[in-house]
Amino acid sequence: MANLTGAVSIFLLQGFSASPELQLLSAAFFLLVYLAALLGNISIVAAVTLDPRLRTPMYFFLKHLSLVDICSMSTTLPRALVATLLGSREISLLACASQLFAFVSLGSTECFLITSMAYDRCLAIYRPLLYGVAMRPRICVSLVAVAWGSGLLFSTFHTANTFSLPFCGPRVIDHFFCDIPPVMRLACAHADAHEAAGFAVSGCVIMSCFALTVLSYVRILATVVRIRSVGGRRKAFSTCSSHLATVLLFYGAGSSAYMQPSARSSPLQGRLAAVFYSILTPTLNPLIYSLRNKDMMGALRKLYLQVPS
């Protein structure tokens with residue numbers, strides 16, 4: 001690794017803001033957001049694990065989605081918060097590569113999990129009589145294992161593609177964590193080929209997952225339209241409305257952060273997009289899945305208040 005990256009062995013993270021006056025204020029805000037996200041996602045994991053009524057494929061996938069969100073935020077925010085509070089912005093090359101690998105792996109795993117959840121909702125509405133057979137526990141475990149394994153492979157490519165570039169200065173990463181676009185900007189060689197390769201692989205994987213998700217919802221919509229009763233339509237739609245909100249949030253924030261060449265976006269735009277993708281999305285997911293879900297709300301009340309539901 002050292003031979004490939006030339007003279008630079010230590011990077012400096014810019015932090016949450018280029019303005020020193022806003023650093024502490026930003027750190028305080030993101031600390032509160034991080035604690036709220038931890039509380040929400042840990043609550044989802046605990047409720048699904050402890051409540052027998054939530055031991056279904058939909059909540060099994062949701063538990064793993066919350067685990068991914070916990071790990072994803074913990075990969076980036078704690079180090080950034082500590083660096084801001086202590087004034088130490090240094091991060092070694094190995095630590096930077098490890099952080100990028102973990103973040104990309106968890107983000108891509110979330111993408112595959114969301115696709116699996118769309119397939120689960122499609123089967124539940126389109127083929128309810130076969131749902132129990134098609135989504136038996138072994139199938140669900142296999143889908144989750146494929147999501148995690150695919151995320152590791154996807155991240156391995158991007159980490160190798162990014163850190164095979166030579167870095168010889170400057171060494172200030174204009175971000176609050178090591179992410180692909182700001183790290184590539186520091187390369188002292190032309191990164192166009194590496195960026196194009198990363199963009200192509202990301203495009204193929206993300207668009208494939210997005211296409212499968214869209215196809216699932218096309219089938220769901222076609223099935224809901226054929227339901228004659230208004231109550232039946234409302235009930236069918238309510239089973240996938242939370243997941244649909246997560247899909248829109250995930251792909252909306254993710255595409256703005258990663259599906260455009262870095263030359264066309266400023267560092268500030270990249271930082272704002274990363275805030276939405278890496279911080280706000282994991283924070284909002286527990287709210288999306290709890291506020292519109294009576295079973296989840298009942299499980300959370302039972303978990304925290306011990307109120308019979």
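All figures in this text were calculated on a predicted structure; none of them were measured in a lab.
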How long is the span from the [atom1] atom in [X] to the [atom2] atom in [Y], to the nearest 0.5 Å?
X    : Y    : atom1 : atom2 : answer
T246 : L62  : OG1   : CG    : 8.0 Å
L215 : I220 : CG    : CD1   : 11.0 Å
S278 : D69  : OG    : CG    : 11.0 Å
F250 : I114 : CZ    : CD1   : 5.0 Å
S116 : H64  : OG    : NE2   : 11.0 Å
T115 : F210 : OG1   : CZ    : 10.5 Å

Heavy-atom closest pair, residues [X] and [Y]:
X    : Y   : answer
F176 : L13 : O-CD1, 3.9 Å
E90  : R79 : O-NH2, 3.6 Å
T49  : V45 : OG1-O, 2.7 Å
R55  : V48 : CG-O, 4.2 Å
A47  : L54 : O-CD1, 3.7 Å

Given 3.5 Å as the limit, does a donor-acceptor pair link the side chain of [X] with the main chain of [Y], or not?
X    : Y    : result
Q99  : C178 : yes
S72  : F103 : no
N161 : E195 : no
R89  : T84  : no
S142 : R138 : yes
T76  : F177 : no
S155 : G151 : no

Practice problem: Starting from the C-alpha separation in whole Å, work towards a yes-or-no answer on side-chain hydrogen bond (donor to acceptor under 3.5 Å, both in side chains) for S43 and Y304. | Solution: CA-CA 9 Å; S43 299; Y304 284 105; 2.3 Å; yes
When you compare the side chain of [Y] with that of [X], does any pair of heavy atoms fall below 4.5 Å?
X    : Y    : value
L123 : L130 : no
L280 : L249 : no
H194 : M184 : yes
I70  : I42  : yes
S150 : T109 : no
L303 : L50  : yes
L300 : S290 : yes

Quiz item: Would you call the rings of F154 and H158 parallel, tilted or perpendicular, where under 30° means parallel and over 60° means perpendicular?
Solution: perpendicular
Quiz prompt | Cluster overlap L24 with V33, hydrophobic side-chain contacts below 4.5 Å | solution = no
Quiz item: How about D51 and Y59: does a side-chain donor come under 3.5 Å of a side-chain acceptor?
Solution: no
Practice problem: Indicate whether any N or O donor in one side chain lies under 3.5 Å from an N or O acceptor in the other, for S74 and Y34. | Solution: yes
Exercise. Please state whether the sulfur gamma atoms of C209 and C111 sit closer than 2.5 Å to each other.
Key: no
Quiz item: Do other residues, nucleotides or ligands put more than 12 heavy atoms under 6.0 Å from the CZ atom of F30?
Solution: yes
Quiz item: Do any pairs count as a side-chain hydrogen bond (donor to acceptor under 3.5 Å, both in side chains) and have a residue in residues 205-221, sequence neighbours left out, and if so which ones?
Solution: Y217-H243
